[in-house]
Amino acid sequence: MEDNLPKFENREELLINGEVGADLSKAMSWAKFLSIVMFVGTGMVFLCAIVCFALDPSSWLDSAMLPGMGKILGGLYLVISVVYFFLAYFMYMFANKLRKAVTCGDVTALGCGVRNMKYYFQFYGILTIVALAAVVLMIIIAAAGAAFLSI
């Protein structure tokens with residue numbers, strides 16, 4: 001697919017007209033807003049992880065959770081917060097580099113910003129593949145469990 005893309009011998013000849021610049025500015029603004037919201041969400045999930053590590057939810061009142069489940073839940077929240085942090089970081093860097101590219105006309109910053117957005121989509125794509133594989137695995141395990149119980 002990438003073979004069909006035009007080859008630029010001189011990268012400096014790429015020009016951004018007013019309409020494309022306006023669209024990039026809007027995309028940059030939304031990317032920055034969404035990345036900040038993602039950073040806040042990351043902080044909240046991280047706080048949940050700390051609470052689960054510090055105060056084991058299985059000890060709360062008449063909880064049906066197994067003892068020590070707070071450590072597992074805290075670890076899960078910690079992994080989610082790290083993953084979410086990197087997604088937010090790549091989007092934030094995209095917005096910052098794009099702002100520099102649009103305001104200063106810096107082609108290098110544009111390339112760096114697009115590279116960060118590429119990383120964002122690659123990371124998100126890998127997470128999607130892992131999630132889909134986990135769902136398929138859970139369906140197979142559930143079907144095997146149902147078949148085993150019906151014997």
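Atom set for the values below is all heavy atoms of this structure, side chains included, hydrogens, waters and symmetry mates excluded.
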K.L.:
Are Phe53 and Leu47 linked, directly or through intermediate hydrophobic residues, by side-chain heavy-atom contacts shorter than 4.5 Å (ILVMFWY only)?
P.N.:
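No, Leu47 and Phe53 fall in different hydrophobic clusters.
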K.L.:
With a 3.5 Å cut-off and sequence neighbours excluded, list the donor-acceptor pairs that the side chains of residues 77-88 form with protein atoms.
P.N.:
| unit_1 | atom_1 | unit_2 | atom_2 | d |
| --- | --- | --- | --- | --- |
| Ser81 | OG | Tyr77 | O | 3.4 |
| Ser81 | OG | Leu78 | O | 2.8 |

K.L.:
I need the full list of salt bridge (Lys or Arg N to Asp or Glu O under 4.0 Å) pairs touching residues 85-109, with sequence neighbours left out, sorted by first then second residue.
P.N.:
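Only Lys100-Asp106 qualify under salt bridge (Lys or Arg N to Asp or Glu O under 4.0 Å).
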K.L.:
In Å, rounded to the nearest 0.5 Å, how long is the span from CG of Leu76 to SG of Cys52?
P.N.:
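Nearest 0.5 Å value for the CG-SG distance: 9.0 Å.
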K.L.:
With salt bridge (Lys or Arg N to Asp or Glu O under 4.0 Å) as the rule and sequence neighbours excluded, what pairs involving residues 30-51 come up?
P.N.:
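Listed by first then second residue: nothing to list.
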K.L.:
Which side-chain N or O atoms in residues 119-142 pair as donor and acceptor under 3.5 Å with protein atoms at least two apart or in another chain?
P.N.:
| unit_1 | atom_1 | unit_2 | atom_2 | d |
| --- | --- | --- | --- | --- |
| Thr128 | OG1 | Tyr124 | O | 2.8 |

K.L.:
Roughly how far, to the nearest 0.5 Å, is CE of Met93 from CE of Met117?
P.N.:
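Answer rounded to 0.5 Å: 12.0 Å.
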K.L.:
Could you pull out all residues at least two apart from Val40 that satisfy side chain to side chain contact (heavy atoms under 4.5 Å, CB included)?
P.N.:
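For Val40, the residues satisfying side chain to side chain contact (heavy atoms under 4.5 Å, CB included) (neighbours in sequence not counted) are Met44.
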K.L.:
State the CG-SG distance between Leu98 and Cys112, to the nearest 0.5 angstrom.
P.N.:
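Reported to 0.5 Å precision, the distance equals 11.0 Å.
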K.L.:
Going hydrophobic residue to hydrophobic residue with side-chain gaps under 4.5 angstrom, can you get from Val114 over to Leu34?
P.N.:
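Yes, it is one cluster - the side chains of Val114 and Leu34 are joined through contacts under 4.5 Å.
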K.L.:
Hey, any chance Phe94 and Val20 share a hydrophobic cluster, counting ILVMFWY side chains that come within less than 4.5 Å of each other, even indirectly?
P.N.:
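In one cluster with Phe94: Val20, yes.
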K.L.:
Return the CZ to CE distance between Phe33 and Met28, rounded to the nearest 0.5 Å.
P.N.:
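Rounded to the nearest 0.5 Å, the CZ-CE separation comes out at 15.0 Å.
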K.L.:
With clusters built from Ile, Leu, Val, Met, Phe, Trp and Tyr whose side-chain heavy atoms come within less than 4.5 Å, directly or transitively, what are the remaining members of the cluster of Phe148, listed by chain and number?
P.N.:
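The other cluster members (ILVMFWY side chains, heavy atoms under 4.5 Å, direct or chained): none.
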